[in-house]
Amino acid sequence: MNIQTAKRLNGIGEYYFSQKLREIDSLNKAGKAIINLGIGSPDLPPHPDVIRVLQEESAKPNVHAYQSYKGSPILRGAMSGWYKTWYGVELDPETEILPLIGSKEGIMHICMTYLNEGDEVLIPNPGYPTYSSAVKLAGGVAVPYEMVESLNWEPDLEAIAASDLSKVKLMWVNYPHMPTGQQPSADFFKRLIAFAQQHNILVCHDNPYSFILNDKPMSLLSVPGAKEVVIELNSLSKSQNMAGWRVGMMAGARERIDEVIRFKSNMDSGMFLPLQLAAAKALTLGKDWYDSVNAVYAKRRELVFELLDLLNCQYNRGQVGMFVWAKISPAYADGYALSDEVLYHANVFITPGGIFGSAGNGFIRVSLCSPEEKLQQAMERIRASLPVAVNS
Ligand SMILES: Cc1ncc(COP(=O)(O)O)c(C=O)c1O
């Protein structure tokens with residue numbers, strides 16, 4: 001039989017981490033016991049009250065049916081309350097919030113909802129690889145905008161405005177930025193909204209990292225006039241340690257929510273009610289929760305800085321989020337070369353910055369989702385096996 005995949009898959013590879021995890025798995029089977037400092041999947045558990053709600057609710061007999069396409073009113077209410085408490089943004093829980101099965105699916109839903117064949121979408125370079133794959137899968141054309149450290153990893157809006165934007169319909173932005181850990185400035189957010197209004201572009205802001213090692217969570221929706229031109233995605237994966245639960249949300253004007261529901265309601269059939277109720281609980285956790293999680297990440301980050309010193313990398317200590325982004329030593333051709341050297345000689349995996357786009361080639365990214373003992377062990381291995389890298 002000659003089975004051909006659809007043309008839309010041309011140029012779409014398997015997701016980098018899905019491929020790399022397979023390689024790490026086979027190295028592990030060969031006895032290497034790789035320390036994986038790659039992916040940003042929190043290793044800490046959710047708050048015990050959240051687990052309790054899931055246990056209690058799932059033991060009930062009447063919670064197992066299909067759920068509403070737009071989510072339980074309790075969850076939508078909690079999401080709206082969370083936006084008000086932490087971002088100072090008012091969202092009508094009835095019409096301006098849509099629970100998602102993780103924010104990653106929201107990226108695809110938005111692209112499928114708005115893009116026609118050939119429509120252009122501005123995407124960050126470096127940036128989360130899913131933006132470009134989702135754009136391509138939906139038939140759009142990803143137009144990367146390159147960002148540099150000297151401009152605080154912000155898009156050069158003037159340069160973008162000077163290019164032909166006639167086919168651009170959407171723009172993806174993500175602050176705190178993954179992978180660079182750059183925080184947004186209020187001034188940049190204002191300029192971004194003005195740019196979107198001027199060029200009639202729908203800005204899709206992906207905001208999953210605003211609580212990690214960051215005292216000032218910011219929503220793009222807090223800028224006056226933003227609701228006209230912005231959709232924001234958010235997630236419980238990182239801030240509530242619930243990555244495997246798959247709970248995220250989309251926030252925006254009623255019209256945008258209705259438009260995306262037209263697509264999404266054809267894709268899934270709602271989320272398990274006990275999970276939604278437990279997620280609602282997670283969104284009511286107070287500052288103590290975020291402080292306790294961040295205290296752990298802060299200690300780990302100091303160790304990651306040390307590890308990066310061993311590899312002669314340079315980094316900004318003021319970055320936020322769940323990773324540390326670092327410029328590699330000129331002794332290596334690029335981040336892939338350094339990542340391979342560390343993987344094959346020290347049995348430690350760190351992410352090459354190039355997977356986030358060409359502007360990330362000279363960088364690596366280290367995740368904070370490993371306990372301190374693992375980070376210490378990774379450093380011991382690096383010291384033992386890469387003596388050339390150490391303070392050369
Ligand atoms: C920038 C960015 N956006 C979205 C996601 C997806 O998060 P979720 O677990 O909510 O689908 C990730 C996950 O790594 C991410 O780094």
Side-chain angles (χ1 to χ4, degrees), residues 15-18 20-21 36-44 46 71 75 79 82 97-111 121-135 142 144 147 153 155 170-184 203-214 217-220 231-251 260 264 267-268 271 275-276 279 282-283 297 319-325 351-353 355-357 359-360 363 365-370:
Y15 191 56
Y16 172 83
F17 280 113
S18 136
K20 201 70 192 177
L21 289 178
N36 186 347
L37 305 182
I39 207 155
S41 181
D43 57 318
L44 300 168
L75 179 56
M79 288 172 165
W82 190 65
I97 278 278
L98 177 63
L100 299 173
I101 305 174
S103 57
K104 191 174 180 180
E105 71 148 14
I107 298 171
M108 191 70 213
H109 294 338
I110 290 169
C111 291
V121 182
L122 297 169
I123 58 156
N125 174 17
Y128 185 46
T130 299
Y131 307 135
S132 66
S133 343
V135 167
M147 301 192 291
W153 301 109
L170 309 179
M171 176 179 190
W172 281 99
V173 285
N174 152 234
Y175 289 93
H177 181 236
M178 196 293 299
T180 67
Q182 179 68 48
Q183 267 177 305
V203 173
C204 306
H205 182 231
D206 186 20
N207 193 9
Y209 291 104
S210 52
F211 286 84
I212 310 297
L213 293 173
N214 181 21
M218 267 171 80
S219 163
L220 186 54
I231 289 179
E232 185 160 281
L233 296 181
N234 218 314
S235 175
L236 279 69
S237 292
K238 324 285 178 178
S239 50
Q240 320 292 341
N241 291 337
M242 291 167 71
W245 293 50
R246 313 308 302 133
V247 191
M249 71 201 84
M250 172 180 151
V260 172
K264 179 174 153 61
M267 290 294 102
D268 66 68
M271 291 150 83
L275 191 145
Q276 295 193 58
L283 292 170
Y297 285 133
Q319 57 188 292
V320 304
M322 194 166 265
F323 306 95
V324 179
W325 179 246
T351 308
I355 73 156
F356 304 105
F363 295 81
R365 189 196 76 170
V366 183
S367 160
L368 300 179
C369 298
S370 287

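Position 1 is the first residue of the sequence; numbering continues from there. This one's a predicted model, so the numbers in the text were calculated from it and none came from an experiment. For ligands, and for the atoms within them, numbers begin at 1 and follow the listed sequence.
Considering backbone and side-chain atoms together, Asn174 places no N or O closer than 3.5 Å to any N or O of ligand 1.
Proximity to Gly102 (heavy-atom distance under 4.0 Å) selects the following atoms of ligand 1: 10 (O), 11 (O). Shown in contact with Tyr131 at under 4.0 Å from a heavy atom are these atoms of ligand 1, numbered in order with element: 1 (C).
The closest non-hydrogen atom to atom 16 (O) of ligand 1, taken over Trp172, Tyr209, Tyr128, comes from Tyr209. With distances taken over non-hydrogen atoms, the option nearest atom 10 (O) of ligand 1 out of Ser235, Gly127, Gly248 is Ser235. In this comparison of Met249, Arg246, Glu105, Met242, the heavy atom closest to atom 11 (O) of ligand 1 sits on Arg246. Ranked by closest heavy atom to atom 13 (C) of ligand 1, the top entry among Lys104, Met178, Lys238 is Lys238.
Under the 3.5 Å distance criterion, with hydrogens and angles disregarded, a donor-acceptor pair is assigned to the side chains of Glu232 and Ser219. Remark: the Tyr209 side chain and the Asn174 side chain contain no N/O donor-acceptor pair separated by less than 3.5 Å.
Among protein heavy atoms, the minimum distance from atom 9 (O) of ligand 1 is reached at Ser237 OG, 2.6 Å. With respect to atom 3 (N) of ligand 1, the closest heavy atom belonging to the protein is Asp206 OD2, 2.5 Å. The protein heavy atom nearest to atom 7 (O) of ligand 1 is Ser103 OG, 3.3 Å.
One finds a salt bridge joining Lys264 and Glu105 here, because a Lys/Arg side-chain nitrogen approaches an Asp/Glu carboxylate oxygen to under 4.0 Å.
Across all their heavy atoms, His109 and Leu100 have their closest contact at CD2-CD2, 4.4 Å. In terms of heavy atoms, Ala279 sits closest to Val247 at CB-CG1, 3.9 Å. In terms of heavy-atom proximity, Gln183 sits nearest to Tyr175 at C-CD2, 4.4 Å.
With values rounded to the nearest 0.5 angstrom, Tyr297 atom OH is found 8.5 Å from Leu213 atom CG.
Within the structure, the closest approach of Pro208 to ligand 1 falls below 4.0 Å when heavy atoms are considered.
Proximity of Tyr175 to ligand 1, defined as any heavy-atom pair under 4.0 Å, is not found for any part of the residue.
Ring-centre distance between Phe363 and Trp153: below the 6.0 Å cut-off.
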